[in-house]
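Quick notes on the structure that follows.
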Amino acid sequence: MEKLVVATSNVGKLKEFKEMLGDKYAVISMAEAGFVGDVDETGETFYDNALLKAQTVSRALGVAALADDSGLEVACLGGAPGVYSARYSGEPCDNARNRALLLENMKGAEDRSARFVSCIVLYKPSGEVVSALGTVEGEILKEEQGNNGFGYDCLFFSTDLNKCFGVATDEEKNSVSHRGRALRALLEKL
Ligand code: IMP
């Protein structure tokens, strides 16, 4: 089976890519492929950061690399935390602390609508770039529900599933998620 390197050190993302691509590719992380360290996300858009990660890892290893840059956009916070979702409450990334800050910043908010966004980029050693975007709409709950998934999942109530990602099965989340949608759109382009 053809190997596919995913330019991430996020175990939650890697698990989802393995679930969604496992029948087509042997999905391996950049660390497993021999890439040492991390890529600084200095871009201001999901696309810029996804390109940066895929390009850096592809060039270092000489193979095609897939990267996802994603985040949560909350309407009443003007789209924050957006590209800063992983480091919302500071670095290093602490998901529980990020969720606590989000709830704090949304105290009393009536409009709790939010969306997850994912931009996926495939960078090939030839320099060819293929990219796709996916989104999923929902609401931010007032307290956490379940502990499936990662990041903000246990606060995100999906309109499509009519349940929180924190209690959804992996299959349910992947079927409607921003990452699932971006990945399926990308595969159609290949
Ligand atoms: P980055 O793409 O490495 O910048 O990190 C994305 C961040 O957005 C993660 O650390 C999570 O906080 C959040 N995020 C992205 N996708 C998801 C998801 O599917 N569920 C929950 N949180 C997510």
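Note that ligands are numbered from 1 as they come in the structure, with each ligand's atoms numbered from 1 the same way.
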Lys173: numbered ligand 1 atoms lying under 4.0 Å from its heavy atoms = 18 (C), 19 (O), 20 (N)
Classify the angle between the aromatic ring planes of Phe116 and Phe156 as parallel (below 30°), tilted (30 to 60°) or perpendicular (above 60°).
-> tilted
Residue, atom and distance of the protein heavy atom nearest atom 2 (O) of ligand 1 read Lys13 NZ, 2.6 Å
Under a 4.0 Å heavy-atom limit, does Arg87 contact ligand 1 with its side chain, its backbone, both, or neither?
-> neither
Of all protein heavy atoms, the one nearest atom 16 (N) of ligand 1 is Arg179 NH2, 2.7 Å
Are Leu14 and Tyr123 connected in the hydrophobic side-chain network, where two residues link if heavy atoms are under 4.5 Å apart?
-> no
Side chain of Ser85, backbone of Gly82: donor and acceptor closer than 3.5 Å?
-> yes
At a non-hydrogen distance cut-off of under 4.0 Å, which region of Phe116 contacts ligand 1 (side chain, backbone, both, or neither)?
-> side chain
Among all protein heavy atoms, pick the one closest to atom 15 (C) of ligand 1 and tell me residue, atom and distance.
-> Ser70 OG, 3.2 Å
Going by an N to O cut-off under 4.0 Å, is there a salt bridge joining Glu73 and Arg115?
-> yes
How close does the nearest protein non-hydrogen atom get to atom 21 (C) of ligand 1, and which residue and atom is it?
-> Phe150 O, 3.0 Å
Ion pair Lys24/Glu2, N-O distance below 4.0 Å = no
List the closest protein heavy-atom neighbour of atom 10 (O) of ligand 1: residue, atom name, distance to the nearest 0.1 Å.
-> Ala86 CB, 3.4 Å
Asn98 side-chain N/O to Ser89 backbone N/O, donor-acceptor pair under 3.5 Å | yes
Ranked by distance from atom 8 (O) of ligand 1, the top protein heavy atom is Ser85 CB, 3.3 Å
Hey, is Glu19 close enough to Lys15 for a salt bridge, meaning N to O under 4.0 Å?
-> yes
Please could you name the atoms of ligand 1 that Gly151 approaches to less than 4.0 Å, counting only its heavy atoms?
-> 21 (C), 22 (N)
For atom 20 (N) of ligand 1, what's the nearest protein heavy atom and its distance?
-> Asp153 OD1, 2.7 Å
Sub-4.0 Å heavy-atom contact, Gly71 with ligand 1 = yes
Asn148 side-chain N/O to Thr169 backbone N/O, donor-acceptor pair under 3.5 Å = no
Ligand 1 N/O within reach of Asn98 N/O, cut-off under 3.5 Å = no
Report yes or no: does Arg97 contribute a side-chain atom to a donor-acceptor pair with the main-chain N or O of Gly90 at less than 3.5 Å?
-> yes
Numbering as shown, the atoms of ligand 1 that approach Asp69 to under 4.0 Å (heavy-atom distance) = 1 (P), 2 (O), 4 (O)
Is Asp160 salt-bridged to Arg181, going by a charged N under 4.0 Å from an acidic O?
-> yes
Any Arg99 heavy atom less than 4.0 Å to ligand 1 | no
Of all protein heavy atoms, the one nearest atom 4 (O) of ligand 1 is Glu41 OE1, 2.8 Å
Under the 3.5 angstrom rule, does the side chain of Asn10 hit a backbone N or O of Gly12 as a donor-acceptor pair?
-> yes
Heavy-atom proximity to atom 11 (C) of ligand 1, picking from Tyr84, Phe156, Tyr152, points to Tyr152
